[in-house]
Amino acid sequence: MPQYQAVKGARDIFPEESAQWKYVEGVIHTVASLYGFSEIRTPVFEYTELFQRGIGSTTDIVGKEMFSFLPDPNGRSITLRPEMTAGVMRAALQKNILSAAPVHKLYYIGELFRKERPQAGRQRQFSQFGAELLGVSTPAAVAEVITLMMQVFESLGLRNLRLRINSLGDSDDRFRYREALKTYFAPFHDRLDDSSKERLEKNPLRILDSKNPAIQEIVAGAPRLYDYLSVASVEDFEKVLYYLQERGITYEIDHRLVRGLDYYCHTAFEVTSSELGAQDAIGGGGRYDGLARELGSSSEVPASGFAAGMERVLLTMEKQGLFAALTPQGPVVYVVLQQAELADHGMQVAWRLRKAGIRTEIDLAARSMKAQMRDANRMRASWALFIGSAEVTTGLYAFKNLVTSEQTTLSLEAVLETLHETASGELQK
RNA sequence: GUGAUUGUAGCUCAGUUGGUUAGAGCGCCAGGUUGUGGCCCUGGAGGUCGGGGGUUCGAGUCCCCUCAUUCACCCCA
């Protein structure tokens with residue numbers, strides 16, 4: 001065992017995998033710009049109160065999963081961000097961007113931190129991409145957010161995803177429903193588990209998505225939130241669904257879908273992947289008109305957004321073989337040294353090739369020619385350029401096509417000419 | 001935080017009822033080919049058997065503790 005290991009729940013991404021990340025990030029940037037969303041980058045830490053106010057102190061995230069610390073003895077507590085939305089909203093309010101333009105469409109890719117036990121598809125440091133649409137939360141706006149998310153998934157080639165959607169109504173709807181739930185659950189109180197009892201106190205809606213079979217049995221007979229929605233709330237929800245239908249986005253209405261963050265209202269949604277284990281949520285989001293007020297804004301900022309787990313997206317793509325076409329870019333030319341003493345000349349040649357825009361590799365470890373050639377082969381180099389004493393004195397180099405094994409003797413200028421003739425020097429494999 | 005699981009070479013894993021200097025395949029390095037790869041052959045480097053304690057004449061194998069891993073619960077992306 002090495003003396004040092006990565007911190008529990010944190011992992012390294014080596015080149016083979018980072019190529020996959022770059023690819024996925026590229027798709028996100030492209031699709032986001034299609035929808036007119038611009039990238040925002042906010043700090044990885046914020047004052048702890050931001051999350052307590054924004055996410056809600058009854059949530060598990062705030063209650064037990066935050067990495068918080070005091071920067072100095074008299075300082076204010078700081079927390080590594082466990083989610084993005086609160087920070088984005090804080091940034092928008094701080095700069096007062098909505099007074100300059102009433103609607104802002106922002107997206108992000110960033111690292112988050114949550115102190116949970118790691119398991120499949122869950123790390124303590126993980127990444128999400130997502131979008132926040134600030135200033136309007138009409139059905140068209142909410143549908144826009146969902147559509148953007150689904151189009152990113154589609155552009156990545158993801159299959160077998162399930163989109164579930166629900167309406168949480170406005171605060172009046174939820175107040176009436178909450179009372180109804182309390183009276184429904186009262187006679188069952190003795191049969192509830194501890195966490196359900198606590199939820200009933202603090203946030204009764206969360207009982208609905210309990211995984212405990214005994215609780216679910218009781219939940220089955222509970223009143224439906226849908227039946228407590230006002231006419232306006234129902235119309236709003238139906239309109240969102242209308243847009244989704246128009247765009248051929250298939251969804252399932254799930255009356256039990258609640259979501260764990262306090263700031264959601266009206267439309268809430270979640271996408272799951274059948275390729276993942278227990279942690280199968282790949283993305284989710286909803287409308288959160290109340291968040292800005294919660295953060296001290298003098299006026300309401302209607303808003304909606306989604307967040308998707310990068311690791312879970314990557315995991316699903318891997319399982320579905322979507323990275324097969326991603327081949328690493330090898331060198332075009334491998335400069336092979338006959339003897340280590342010729343390294344100075346070889347370095348000079350390699351440098352000139354690179355200055356001319358040719359991806360060039362050269363052994364820096366003074367290994368044997370056999371090892372250099374094996375290396376060139378493994379890296380799928382197109383050409384080998386040999387440096388021996390003859391080459392150094394004549395300035396003419398043995399230049400070998402590694403696919404056909406044909407070899408000629410050329411000056412460096414002629415080599416460059418040959419490489420520029422074939423498309424950037426790369427040979428068909 | 002709870003439960004279970006696994007920890008032997010860089011990687012994947014063998015290791016028989018506890019019994020001498022702990023093995024294989026792949027990978028790595030070198031040689032076979034004194035200036036040329038992909039195949040093949042030969043050799044080499046690399047291990048405090050996660051760590052600590054205990055039982056025993058003797059522990060990679062048994063017991064205890066500890067650390068780490070993985071999966072699941074809780075919850076979430």
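Nothing here was measured: the structure is a model prediction, and the numbers come from that model. Just so we're on the same page: letters track the sequence lines, and every chain starts at 1.
- Among the atoms of the strands shown, base atoms are found under 4.0 Å from some heavy atom of A:Lys64.
- B:rG43 and B:rC26 are spaced 13 Å apart, taking the P atom of each and rounding to whole Å.
- A:Glu270 contributes no side-chain N or O that, together with a main-chain N or O of A:Leu257, makes up a donor-acceptor pair within less than 3.5 Å.
- Separation of the C1' atoms belonging to B:rC49 and B:rA59 is 11 Å when rounded to the nearest angstrom.
- Atom CE in A:Met369 sits roughly 12 Å away from atom P in B:rG31 (whole-Å rounding).
- Residue-level contact check: A:Ala376 touches neither bases nor backbone, having no heavy atom under 4.0 Å from any strand.
- The P atoms of B:rA68 and B:rG50 are separated by 16 Å, rounded to the nearest whole Å.
- Remark: P of B:rA77 and CZ of A:Phe269 are 11 Å apart, rounded to the nearest angstrom.
- As the counterpart of B:rG43, B:rC29 is assigned, both hydrogen-bonding distances of the Watson-Crick or G-U wobble pattern falling under 3.5 Å.
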Could you list, one pair per line, each protein nitrogen or oxygen that sits under 3.5 Å from a nitrogen or oxygen of nucleotides 27-29 of chain B, together with the distance?
from, atom 1, to, atom 2, distance (Å)
B:rC28, OP1, A:Arg378, NH1, 2.1
B:rC29, OP1, A:Arg367, NE, 3.2
B:rC29, OP1, A:Arg367, NH2, 2.6
B:rC29, OP2, A:Arg374, NH1, 2.7

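- Nearest-nucleotide mapping onto RNA chain B: of A:Leu276 and A:Ala308, the residue sitting toward the 5' end is A:Leu276.
- Formation of a donor-acceptor pair under 3.5 Å by the A:Gln372 side chain with backbone atoms of A:Leu337 is found in this model.
- Of the possible donor and acceptor atoms, none in the side chain of A:Ser405 sits under 3.5 Å from a partner among the backbone N and O of A:Leu402.
- Residue contacts for A:Gly121: at a heavy-atom cut-off of 4.0 Å it reaches a base atom on one of the strands shown.
- Among the heavy atoms of the strands, none lies under 4.0 Å from A:Glu111.
- Between the CD atom of A:Gln338 and the C1' atom of B:rU33 there is a distance of 14 Å, rounded to whole Å.
- Between A:Tyr177 and A:Tyr228, the distance from one ring center to the other falls under 6.0 angstrom.
- The 5' end of RNA chain B is approached more closely, in terms of each residue's nearest nucleotide, by A:Lys370 than by the other of A:Ser405 and A:Lys370.
- Between A:Leu402 atom CG and B:rG38 atom P the separation is 12 Å, expressed in whole Å.
- No side-chain donor from either of A:Gln123 and A:Glu311 sits under 3.5 Å from a side-chain acceptor of the other.
- Atom CD in A:Gln123 sits about 11 Å away from atom C1' in B:rU70, given to the nearest Å.
- Comparing the same atom, C1', in B:rA24 and in B:rG46 gives a spacing of 15 Å after rounding to whole Å.
- A:Gln407 comes within 4.0 angstrom of a nucleotide base, judged by non-hydrogen atoms across all strands.
- A:Arg124 places no side-chain N or O within 3.5 Å of a backbone atom of A:Pro118 that could act as its donor or acceptor partner.
- Among the candidates A:Asp236, A:Thr267, A:Asp289, the single residue satisfying the side-chain hydrogen bond (donor to acceptor under 3.5 Å, both in side chains) test with A:Ser137 is A:Asp289.
- Taking the C1' atom of each, B:rA14 and B:rG47 are spaced 15 Å apart, rounded to whole Å.
- Although no hydrogens or angles enter the test, the distance criterion places no donor-acceptor pair under 3.5 Å between the side chain of A:Arg81 and the main chain of A:Phe113.
- Evaluation of A:Phe126 against the base of B:rA77 yields a stacking contact (centre distance < 5.5 Å, interplanar angle < 30°).
- Here B:rG37 presents its C1' atom at 15 Å from CG of A:Leu385, a figure rounded to the nearest Å.
- What separates CZ of A:Phe399 from C1' of B:rU36 is a distance of 14 Å, to the nearest Å.
- As judged by a 4.0 angstrom heavy-atom cut-off over every strand, A:Glu83 is placed among residues making no nucleic acid contact.
- One atom, CZ of A:Arg380, and another, P of B:rG38, lie 16 Å apart when rounded to the nearest Å.
- Side-chain proximity of A:Gln128 to the nucleotides B:rA77, B:rG35, B:rG3 is greatest for B:rA77.
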